[in-house]
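Starting from 1, each residue takes its place in the sequence as its number. Predicted, not measured: the structure shown is a model, and the values here were computed from it.
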Amino acid sequence: MTTSNLPVAQARTRAVYKNISLWTLQGWIAMFFIAAGYAKLTEPMTNLITLMGWPAVAPENMVRGLGLVELVLALGVLAPLASWRFGRPLLLTAAAGLIVMESTMLVIHAVSQDVGLAVVNLVLLALTVPVFLGRRAA
């Protein structure tokens, strides 16, 4: 390898690591929201109230609808697996939707002083924002 090829090889290696990192984050995000959405759609409200607390003050239709939104957005995060050309816009839309949802829930949980759920949303934001920014630039 000559010195003139070294920067190209380093750039390629960085791009590969960035891609692997972004896919790892996308997988974690999708796993979390598929599980959360599935739980909100299938668990009895008494279980959801015990687990999270906030469904006690929300209409059941809203909780179920939020579960459906979470499932759809999680699948959108994985859309590039089917086709990068068509999946990338879906990924960016889903990531933006998740960022809006996570930010909103962070504020709601912080205002209601539910520190545990606020921290969860903060961590989810820390996973989703790099995916959005990293895939937007790709």
Side-chain angles (χ1 to χ4, degrees):
M1 184 179 293
T2 65
T3 30
S4 63
N5 289 340
L6 190 58
V8 174
Q10 287 176 341
R12 245 186 243 136
T13 302
R14 271 192 223 115
V16 167
Y17 284 131
K18 176 184 173 186
N19 192 39
I20 290 170
S21 299
L22 290 173
W23 272 112
T24 301
L25 293 176
Q26 285 171 244
W28 289 345
I29 293 165
M31 284 189 292
F32 179 87
F33 282 105
I34 287 171
Y38 181 78
K40 287 180 184 90
L41 286 173
T42 60
E43 286 294 315
M45 284 299 285
T46 53
N47 288 0
L48 293 175
I49 292 168
T50 303
L51 289 171
M52 296 181 282
W54 66 265
V57 295
E60 182 175 353
N61 289 340
M62 184 180 124
V63 175
R64 304 295 183 199
L66 185 59
L68 184 61
V69 168
E70 288 175 341
L71 273 175
V72 169
L73 292 176
L75 293 175
V77 168
L78 297 177
L81 287 172
S83 164
W84 181 254
R85 182 178 177 193
F86 299 112
R88 183 172 174 262
L90 292 174
L91 161 66
L92 294 174
T93 303
L98 287 171
I99 289 169
V100 168
M101 186 175 65
E102 293 160 359
S103 300
T104 303
M105 295 311 290
L106 173 64
V107 169
I108 289 170
H109 293 310
V111 167
S112 66
Q113 297 179 348
D114 192 350
V115 177
L117 292 175
V119 169
V120 168
N121 280 282
L122 197 58
V123 170
L124 289 169
L125 273 169
L127 297 174
T128 310
V129 169
V131 167
F132 178 76
L133 295 175
R135 293 301 187 195
R136 187 182 65 157

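- Of all non-hydrogen atoms in Ile49 and Ala56, the two that sit nearest each other are CG1-N, 3.6 Å.
- A donor-acceptor distance shorter than 3.5 angstrom exists from the side chain of Ser112 to the backbone of His109, with no hydrogens or angles considered.
- Taking all atoms of both residues into account, the shortest heavy-atom contact from Ala118 to Ala110 is CB-N, 4.1 Å.
- Both Val69 and Val77 sit in one connected hydrophobic cluster of ILVMFWY residues. Membership requires side-chain heavy atoms under 4.5 Å apart, directly or through other members.
- Counting heavy atoms from C-beta on, the side chains of Phe33 and Leu73 never come closer than 4.5 Å.
- Neither side chain, Arg14 nor Asn19, offers a donor N or O lying under 3.5 Å from an acceptor on the other.
- Lys40 places none of its side-chain heavy atoms less than 4.5 Å from the side chain of Met62.
- The hydrophobic clustering, which links ILVMFWY residues whose side-chain heavy atoms are closer than 4.5 Å, places Leu22 and Val129 apart.
- Neither Ile29 nor Leu71 shares a network with the other; the hydrophobic side chains, linked directly or stepwise wherever heavy atoms of I, L, V, M, F, W or Y lie under 4.5 Å apart, form separate groups for each.
- The heavy-atom pair separating Ser103 from Leu125 by the smallest distance is OG-CD2, 3.7 Å.
- Taking both residues in full, the closest heavy atoms of Asn121 and Met105 are given as OD1-CB, 3.6 Å, listed atom of the first, atom of the second, then distance.
- Without hydrogens or angle criteria, Arg88 side chain to Arg135 main chain gives a donor-acceptor distance under 3.5 Å.
- When the side chains of ILVMFWY residues are joined at heavy-atom separations under 4.5 Å, either directly or via intervening members, Ile34 and Leu66 end up in two distinct hydrophobic clusters.
- Taking 4.5 Å as the limit, every side-chain heavy atom of Trp54 sits out of range of all side-chain heavy atoms of Ile108.
- Of the residues Leu98, Thr104, Ile99, the one that meets the side-chain contact (heavy atoms from CB on, under 4.5 Å) test with Met101 is Leu98.
- If you chain together hydrophobic residues whose side chains sit under 4.5 Å apart, Trp28 and Leu91 fall into the same group.
- Across Gln26 and Leu78, no two heavy atoms sit closer than the pair O-CD2, 4.3 Å.
- The distance from atom OH of Tyr38 to atom CD of Glu70, rounded to the nearest 0.5 Å, is 14.5 Å.
- In this structure, Val131 and Leu127 approach most closely via the heavy-atom pair CG2-O, 3.4 Å.
- Other residues, nucleotides and ligands contribute over 12 non-hydrogen atoms within 6.0 Å of the CH2 atom of Trp23.
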